[in-house]
Amino acid sequence: EFYEGNNCTQKKLGSVDTALHDKQGATWSLNLQQFAGIPMPLVPFVFWRAGGWNDEARSVRVTSKWRNRAEHRRARLTVFDSPNGSTGDDYVRVVVDDVRNLPERGVCVRSFENNFNRDGVRLERYPQNGIDGKISRIETRCDASCVGDKVGPR
């Protein structure tokens with residue numbers, strides 16, 4: 001769940017559901033400049049804010065509705081300053097090693113600008129000139145350990 005403010009505050013902007021990944025779609029990405037506010041059924045992106053949210057997100061809450069399942073599930077979320085996913089500008093990876101370790105409330109990554117490593121969620125930063133409030137692309141990746149697993153709707 002992405003938020004407009006730091007510390008998972010202010011308006012909820014949208015969410016990503018990595019449970020929809022499969023062998024054909026281990027990676028999903030979305031250019032927020034192109035798809036501003038357009039609901040996209042049957043893909044993992046859900047928008048709560050009409051009009052889109054390019055250059056608005058400052059924090060993210062990592063949750064899992066699959067916490068109590070026995071299957072291992074590792075996922076990675078990458079947010080980019082660049083709408084085309086260039087690594088020449090700021091980008092950040094949020095890595096979840098195992099959703100079974102997430103607390104019930106989830107884990108709030110309070111800012112994309114600060115180091116973070118708690119409850120199986122860690123932030124890998126590749127800074128240039130700042131990324132909070134400048135996110136223009138989101139990419140989710142289901143690592144090899146979860147491709148084809150039984151977690152999530154089919």
Side-chain angles (χ1 to χ4, degrees), residues 1-23 25-32 35 43-49 53-153:
E1 300 170 339
F2 288 89
Y3 289 83
E4 186 177 34
N6 291 110
N7 302 312
C8 299
T9 61
Q10 296 182 18
K11 295 177 186 172
K12 285 185 183 179
L13 300 170
S15 66
V16 181
D17 187 351
T18 60
L20 297 176
H21 286 95
D22 57 28
K23 290 180 182 178
T27 301
W28 291 90
S29 64
L30 181 66
N31 177 337
L32 293 173
F35 296 102
V43 296
F45 301 98
V46 176
F47 295 93
W48 289 318
R49 181 173 176 180
W53 46 283
N54 179 57
D55 289 345
E56 301 235 3
R58 292 179 165 272
S59 60
V60 65
R61 180 175 302 281
V62 180
T63 62
S64 176
K65 54 189 164 191
W66 311 109
R67 292 176 47 252
N68 297 323
R69 298 285 298 268
E71 295 90 349
H72 176 80
R73 181 79 169 186
R74 182 181 172 144
R76 182 176 73 203
L77 166 71
T78 308
V79 294
F80 300 88
D81 189 342
S82 166
N84 65 6
S86 168
T87 56
D89 204 345
D90 293 277
Y91 69 103
V92 170
R93 284 193 190 114
V94 177
V95 180
V96 181
D97 291 321
D98 187 340
V99 298
R100 295 172 296 181
N101 296 332
L102 290 173
E104 190 171 339
R105 285 193 65 231
V107 175
C108 176
V109 177
R110 297 177 175 154
S111 168
F112 296 109
E113 304 274 341
N114 300 316
N115 292 325
F116 186 88
N117 189 349
R118 192 178 82 219
D119 294 322
V121 177
R122 71 180 182 278
L123 187 74
E124 298 173 354
R125 297 175 51 235
Y126 302 90
Q128 297 293 324
N129 60 357
I131 193 167
D132 274 358
K134 297 181 182 178
I135 293 169
S136 294
R137 185 176 199 87
I138 299 169
E139 177 183 283
T140 64
R141 178 160 185 79
C142 173
D143 291 344
S145 65
C146 70
V147 172
D149 70 11
K150 297 175 184 161
V151 177

Side chain to side chain, Val121 and Leu102, heavy atoms closer than 4.5 Å: yes
Sub-4.5 Å side-chain heavy-atom contact between Arg122 and Asp97: yes
Which residues pass the side-chain hydrogen bond (donor to acceptor under 3.5 Å, both in side chains) test with [X], sequence neighbours left out?
X	answer
Arg137	Ser29
Ser111	Asp132
Arg93	Tyr126
Asp55	Ser136

Can you tell me how far [atom2] of [Y] sits from [atom1] of [X], rounded to the nearest 0.5 angstrom?
X	Y	atom1	atom2	value
Lys134	Asn54	NZ	CG	12.5 Å
Leu13	Glu1	CG	CD	11.0 Å
Leu32	Leu30	CG	CG	5.0 Å

How far apart are the closest heavy atoms of [X] and [Y], and which atoms are they?
X	Y	value
Gln10	Tyr3	O-CD2, 4.1 Å
Val79	Phe2	CG1-CE2, 3.9 Å
Thr9	Asn6	OG1-O, 2.6 Å
Leu123	Arg125	CD2-CG, 3.8 Å

Under 3.5 Å donor-acceptor pairs involving side-chain atoms of residues 83-91, not counting sequence neighbours:
residue: Asn84; atom: OD1; partner: Ser82; partner atom: OG; Å: 2.3
residue: Asn84; atom: OD1; partner: Ser86; partner atom: N; Å: 3.1
residue: Ser86; atom: OG; partner: Gly88; partner atom: N; Å: 3.0
residue: Asp90; atom: OD1; partner: Gln128; partner atom: N; Å: 2.6
residue: Asp90; atom: OD1; partner: Asn129; partner atom: N; Å: 3.3
residue: Asp90; atom: OD1; partner: Gly130; partner atom: N; Å: 3.2
residue: Asp90; atom: OD2; partner: Asn129; partner atom: N; Å: 3.1
residue: Asp90; atom: OD2; partner: Gly130; partner atom: N; Å: 3.2

Residues in side chain to side chain contact (heavy atoms under 4.5 Å, CB included) contact with Cys108, at least two apart in sequence or another chain: Cys8, Arg61, Arg110
Backbone N/O of Gly5 and side chain of Ser59: donor-acceptor pair under 3.5 Å: yes
